Amino acid sequence: SVADSDNKGVNSGRLVACITTLFLFSKIRPQLMVKHAMTMQTYLTTKCSTQNDFMVICNVAKILELVVPLMEHPSETFLATIEEDLMKLIIKYGMTVVQHCVSCLGAVVNKVTQNFKFVWACFNRYYGALSKLKSQHQEDPNNTILTANKPALLRSLFTVGALCRHFDFDQKDFKGNSKVNIKDKVLELLMYFTKHSDEEVQTKAIIGLGFAFIQHPSLMFEQEVKTLYNIILSDKNCSVNLKIQVLKNLQTYLQEEDTRMQQADRDWKKVAKQEDLKEMGDISSGMSSSIMQLYLKQVLEAFFHTQSSVRHFALNVIALTLNQGLIHPVQCVPYLIAMGTDPEPSMRNKADQQLVEIDKKYAGFIHMKAVAGMKMSYQVQQAINTCPKDPVRGFRHDESSNALCSHLYSMIRGNRQHRRAFLISLLNLFDDTAKTEVNMLLYIADNLACFPYQTQEEPLFIMHHIDITLSVSGSNLLQSFKESMVKDKKKERKPASEEETESDSNSGSESESDEEASKPRRLRKRVDSDSDEENDINAVMKCLPENSAPLIEFANVSQGILLLLMLKQHL
């Protein structure tokens, strides 16, 4: 079939489909493709002009990478041709092709031909170019030669990294008896270009570093690397592209580790009787665990980024870290709860799925961090909020109008004790002593209004507790209001308390938004219009203190109480 579709010109979609399918076969049973390796190799010389041509090359490289190591006594010429073809592609084409061809070359040279000199020459070519560009840049950063050489610089950064990912150049096979430490030299070169003024150069240097760290993860413990990664992840003003690249580096490292572990597991099963695998696996997972501990806080903080792509990669890294059991999950729970409110369904589902997994293994963790998670979800929503003037709301603006944290509630509601403790903790935030910011209270009230309750007992429980809170906080508030009034005449006390009860009942029953209660002056106007007798108004006005600060304070604190009244009415 591949041969047929060749006649119609290589760029046909059918060829791509055939070769992609053959790659999938190779992935599962590479033995099936051994006798077709010669046929596949001819496609490495495809003339590349369209997207399809590149897909053919990349998939053929992926097939050969899996198949060539399984061939028995392949001919010298066949292997030499593959090496030459791959090298031409590496020198000529873009990032994706370079990546797959270097990976294929890694399998061919490391496992079959041991032709290290060939690879060493290629490495030195790019490494030499980088060293030269570095010294030129050090002499004069504004040199015009540098602008002309930018494409060469980008290619060298990427290719040196890609080669370091698949070959350990500190082996004797490569550098002979030289005492030079290649990995440190490469680190130094790449780190130099991460400080470049051009963002594109910085990005390529960081990609190169990510590749090198896969071969030598211990480099991630170097102080300068830690500083670079942590600054990029935590600095609010740092470019989004660099943030994403650092997260991608961590993601690729974890994926590679996972593949290595699975391979080690398969190899182990073959020799299970003789050895103790536990040690082998533990060394490498110990390393990745230590690495993730270093960067975990900054990766989690990336959840609070306005750009969804940054949140997306941060979530991928955390999911991989949790799936490999590299960190204790409890520290991620509040962040996952927060990500469960993301506007993008795929991210919500991924975060919710992680919570379900954690809940299966560790009962009670979700409940323990639920309130912290709700508060954090408010921060995520604030970061995502495109219109900072509008308060963040706690329900979805679609036909469902579900609470943003409805998945969290549905996980907790099954256990009555946990559910009640969670609801009471949320209601306690409305207490005047808790001093919670009013916008967050609105967000929590929205969630309480829209949670997916299943039995009448759930909303009734909330209403009952609202009554208790109102009777305590409400009467304290009224008392503080009365005390802030001027008490020089006996008869003036009564109107003062009347004004308050009036404002309370009005806002409780009529106000649609929490803003109506925000200014005491507005309340006073309403009293004016409702009141018939001028004397009463004058009496109240006389009672108002010179310093309005206590009244403003009262008005702000009463917002929480008013929200509770509205919530109770809604339920």
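Bear in mind that the values here come from a model prediction, so they are computed numbers and not experimental data. The residues of the chain are indexed from 1 along the displayed sequence.
- Evaluation of the side chain to side chain donor-acceptor pair (under 3.5 Å) rule for Y192 yields H137 as partners, not counting sequence neighbours.
- In this structure, the separation between OG on S26 and CD on Q31 is 10.0 Å, given to the nearest 0.5 Å.
- Scanning all heavy atoms of the two residues, the minimum distance from L79 to P74 falls at CD1-CG, 3.8 Å.
- Residues M292 and V317 are in side-chain contact: their nearest non-hydrogen atoms beyond the backbone lie under 4.5 Å apart.
- Ionic pairing of E188 and K134 is present here: one or more N-O contacts between side-chain nitrogen and carboxylate oxygen are shorter than 4.0 angstrom.
- Judged by distance alone, the side chains of Q245 and N249 do bring a donor and an acceptor atom under 3.5 Å apart.
- Partners of S103 under the side chain to side chain donor-acceptor pair (under 3.5 Å) rule, at least two apart in sequence or in another chain, are E65.
- Between K47 and D53, no side-chain nitrogen of the basic residue sits less than 4.0 Å from a carboxylate oxygen of the acidic one, so the salt-bridge criterion is not met.
- Residue K117 qualifies as open at atom NZ: its count of foreign heavy atoms under 6.0 Å is 12 or below.
- Aromatic rings of Y378 and Y443 (six-membered ring for Trp) have centroids within the 6.0 Å cut-off, being under it.
- You'll find the side chain of T113 reaches within 4.5 Å of the side chain of E83, heavy atoms only.
- D352 and G340 make their closest contact through OD1-CA, 3.6 Å (heavy atoms, listed as atom of the first residue, atom of the second, distance).
- The CG atom of L233 sits 11.5 Å away from the CD1 atom of I244 when rounded to the nearest 0.5 Å.
- Side-chain rings of F123 and F169 approach one another, their centers coming within less than 6.0 Å.
- Across all their heavy atoms, D168 and Q215 have their closest contact at N-NE2, 3.6 Å.
- For an aromatic pair to be called close, the ring centres must be under 6.0 Å apart, and F167 with F116 fails this.
- Proximity of M95 to K204: side-chain heavy atoms (C-beta onward) are separated by under 4.5 Å at one or more points.
- When F213, Y229, Y253 are each tested for a ring-ring contact (aromatic ring centres under 6.0 Å, His included) with Y295, only one passes: Y229.
- Using a cut-off of 4.0 Å between Lys/Arg side-chain N and Asp/Glu carboxylate O, K361 and E357 are scored as not salt-bridged.
- When only modelled atom types and interatomic distance are considered, Q298 and S234 share no side-chain donor-acceptor pair under 3.5 Å.
- The minimum heavy-atom distance linking V240 with H305 is given by the pair CG2-CE1, 3.8 Å.
- When each of E257, Q262, Q263 is tested with R260 by the rule side chain to side chain donor-acceptor pair (under 3.5 Å), just one qualifies, namely E257.
- One side chain, K350 or N316, offers a donor N or O that lies under 3.5 Å from an acceptor on the other.
- At least one side-chain heavy atom of F304 sits less than 4.5 Å from a side-chain heavy atom of M376.
- Judged purely by distance below 3.5 Å, without hydrogens or angles, the side chains of N241 and E199 pair a donor atom with an acceptor atom.
- Contact detail for L157 and A205: the closest heavy-atom pair is CD1-N, 4.0 Å.
- From I207, atom CD1 reaches atom CD of Q202 across 12.0 Å, with rounding to the nearest 0.5 Å.
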